[in-house]
Number of protein chains: 2
Amino acid sequence: MNKNDVSTKTALLEAAVKVFAAKGFSSATVREICQLANANVAAVNYHFGGKDALYSAVLEHVIGRRTELFRTGDRDPDASPEQRLEAYIRRKLRDIYALDGVTGLASDHWAIFLMEVANPSENLNLLVEQYVQAAVDELRGIVAELLNLPPMDQEVQDSALSIWGQLLDPLVMMPITDRLTPPRARVQEDLDRFAEHMVTFTLGGLLAIRDS
Amino acid sequence: MNKNDVSTKTALLEAAVKVFAAKGFSSATVREICQLANANVAAVNYHFGGKDALYSAVLEHVIGRRTELFRTGDRDPDASPEQRLEAYIRRKLRDIYALDGVTGLASDHWAIFLMEVANPSENLNLLVEQYVQAAVDELRGIVAELLNLPPMDQEVQDSALSIWGQLLDPLVMMPITDRLTPPRARVQEDLDRFAEHMVTFTLGGLLAIRDS
DNA sequence: TCCTGTTTCAAACGCCCGTTTTAAACGATT
DNA sequence: AATCGTTTAAAACGGGCGTTTGAAACAGGA
């Protein structure tokens, strides 16, 4: 295993992230990926074993990165549930929309996630197990405390879902909001303002649910 | 143009809706579509001019159906903004999640919409112009009234977006919620309860926004 | 019945895809 | 320098795809 070895392999992986994010699995071609990675067409099969295996590797890689960033967010278990909800929302919004040029663009990662949800493959199980489940459980705990209900209550699940909807919506709807008149400003460009909006809206909504 | 003529053409269209909804544009094959429609492989090119044109026809067809159903919903301009918001939410939830076996399954239509958003083609413009724009404008009007703000205010746009997020979230997240432990009950099976939840949550959220 | 335009059909075409092959280039070890 | 496992490279293979072809089947009017 020489120096160039890992270099081409990771180059392939990073190129694959970009191409898969841009075109989706079936429209992406290994030829384009290899070209972007300055590698030979045979490189994908040599290093990963095939296009499917490369895609799985990409998903594993992306899930790992996202999980890592999500875990490292600091939590204060002594804070009030309101404060923890606000922290959760801000952390997750940053996770989704912050433009971190360091470890590969997050937008590519989320584009892949979105296409995986719109057109699931068997790899979606991994995404849910390793990333979504923990994030949802945490949110459910906070919401349950706020509503003073058991975490498995139907109302808690619906509320958690309502919150996730708002978190993901700017991502999902971006192609649409870009085409609306007037086009909506992208969340990325005013993350704090949107976070503030979401927190007030959500807390108000939860209050109304609790009182109903 | 004989009797069988329109028959094969519409059969192709309906088959295409199903196959495109299940596999996405690039993974769907005209051979599979033709087989499902009991037609020859050449039929697609003869009746539509090619796979791309068939997909455009499918999207036009689906957009037309959805727009039609959305328009026919009765509105009461004299009702309070709260009532109109509730009516809007219920109407849209029904549009998305109701299982109408009559005019082709709505779920197929929304699966196509979702894939179009996750992986936009040039046809997305049509979808936004003919379907989304009007629906969003209407919602913006209601929200503006509730918040006592001009319809183009940033806060109004964000709130409308929050509402759309909740409307679409069960659809978008279905592949995920199905894989969660415990899996969430599908909205389709308890539409009224979820509608009620959404209305209280949303009104509470809007109230909090107005008072902030 | 013959003619004419329309629709179906089986077969084939050409292209691009993922993958395989085979050999050359390379790096490290002795 | 010789050897050996590892990595690259060019070329080709086989298959599936969208599409085309050309003739047969059909329907309706003269």
Side-chain angles (χ1 to χ4, degrees), chain A residues 1-62 112 115-116 119-123, chain B residues 1-62 112 115-116 119-123:
Chain A
M1 195 188 275
N2 61 19
K3 196 180 72 183
N4 272 352
D5 180 15
V6 294
S7 183
T8 38
K9 189 167 183 181
T10 63
L12 277 174
L13 200 70
E14 286 169 15
V17 168
K18 286 178 191 158
V19 176
F20 282 137
K23 310 250 179 112
F25 175 77
S26 45
S27 289
T29 70
V30 311
R31 280 176 164 83
E32 183 180 357
I33 292 170
C34 290
Q35 193 177 350
L36 189 63
N38 286 319
N40 189 271
V41 246
V44 162
N45 288 279
Y46 178 76
H47 284 286
F48 294 93
K51 188 190 181 185
D52 295 278
L54 172 62
Y55 181 71
S56 294
V58 162
L59 225 60
E60 274 182 52
H61 170 75
V62 170
I112 292 175
M115 287 188 299
E116 189 62 37
N119 211 316
S121 77
E122 52 180 16
N123 296 287
Chain B
M1 194 189 276
N2 62 17
K3 196 181 73 183
N4 272 351
D5 182 14
V6 292
S7 184
T8 40
K9 189 166 183 181
T10 64
L12 278 173
L13 200 70
E14 286 171 15
V17 169
K18 286 179 191 159
V19 176
F20 281 138
K23 309 250 177 112
F25 175 77
S26 45
S27 289
T29 69
V30 310
R31 281 177 164 83
E32 182 180 356
I33 292 170
C34 290
Q35 193 176 350
L36 190 63
N38 286 317
N40 190 270
V41 250
V44 163
N45 287 279
Y46 177 76
H47 285 286
F48 294 92
K51 188 190 180 185
D52 295 275
L54 172 61
Y55 181 72
S56 294
V58 162
L59 226 61
E60 275 182 52
H61 170 74
V62 170
I112 292 175
M115 289 188 299
E116 188 62 37
N119 210 311
S121 76
E122 52 181 14
N123 297 287

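Every chain is numbered from 1 and lettered A, B, ... according to where its sequence line falls, protein lines coming before strand lines. The basis for the numbers below is simple: all heavy atoms, side chains too, and nothing from hydrogens, waters or symmetry mates.
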DNA chain D-proximal residues of residues 34-43 of chain A, any heavy atom under 4.0 Å:
A:N40, A:A42
Going by heavy atoms closer than 4.0 Å, what residues in residues 51-59 of chain B are next to DNA chain D?
B:K51
Any side-chain N or O of B:H47 below 4.0 angstrom from OP1/OP2 of C:dT8?
yes
Classify the side chain of B:R31 versus the base of D:dG16 as yes if they form a donor-acceptor pair under 3.5 Å and no if they do not.
no
So, the side chain of A:N119 versus the backbone of B:K23: is there a donor-acceptor pair under 3.5 Å, distance only?
yes
Measure the distance from CG on B:L12 to C1' on D:dT19 and round it to the nearest whole Å.
15 Å
Can you tell me the distance, in whole Å, between the CG atom of A:N45 and the P atom of D:dT8?
14 Å
Degree of bending in the helix from C:dT1-D:dA30 to C:dT30-D:dA1 once both end axes are built from five pairs, to 10°
10°
Let me know the distance between OH of B:Y46 and C1' of D:dT21, rounded to the nearest Å.
15 Å
Nearest heavy-atom approach of A:G50 to A:N45 is CA-OD1, 3.5 Å
Which atom pair, heavy atoms only, marks the closest approach of B:L54 to B:L13?
CD1-CD1, 4.3 Å
Tell me: CD of A:E32 to P of C:dG18, nearest whole Å?
10 Å
Does the side chain of A:T29 get closer than 4.0 angstrom to OP1 or OP2 of C:dC16 through an N or O atom?
no
Assess whether side-chain contact (heavy atoms from CB on, under 4.5 Å) is satisfied between B:I112 and B:V58, documenting all intermediate values.
CA-CA 9 Å; B:I112 292 175; B:V58 162; 4.0 Å; yes
Does A:T8 have a side-chain nitrogen or oxygen under 4.0 Å from the phosphate oxygens OP1 or OP2 of D:dT7?
no
Measure the distance from CZ on A:F48 to P on D:dT7 and round it to the nearest whole Å.
12 Å
Determine, for A:F25 and A:K51, whether the Lys NZ or Arg CZ falls below 6.0 Å from the six-membered ring centre while staying within 45 degrees of the axis.
yes
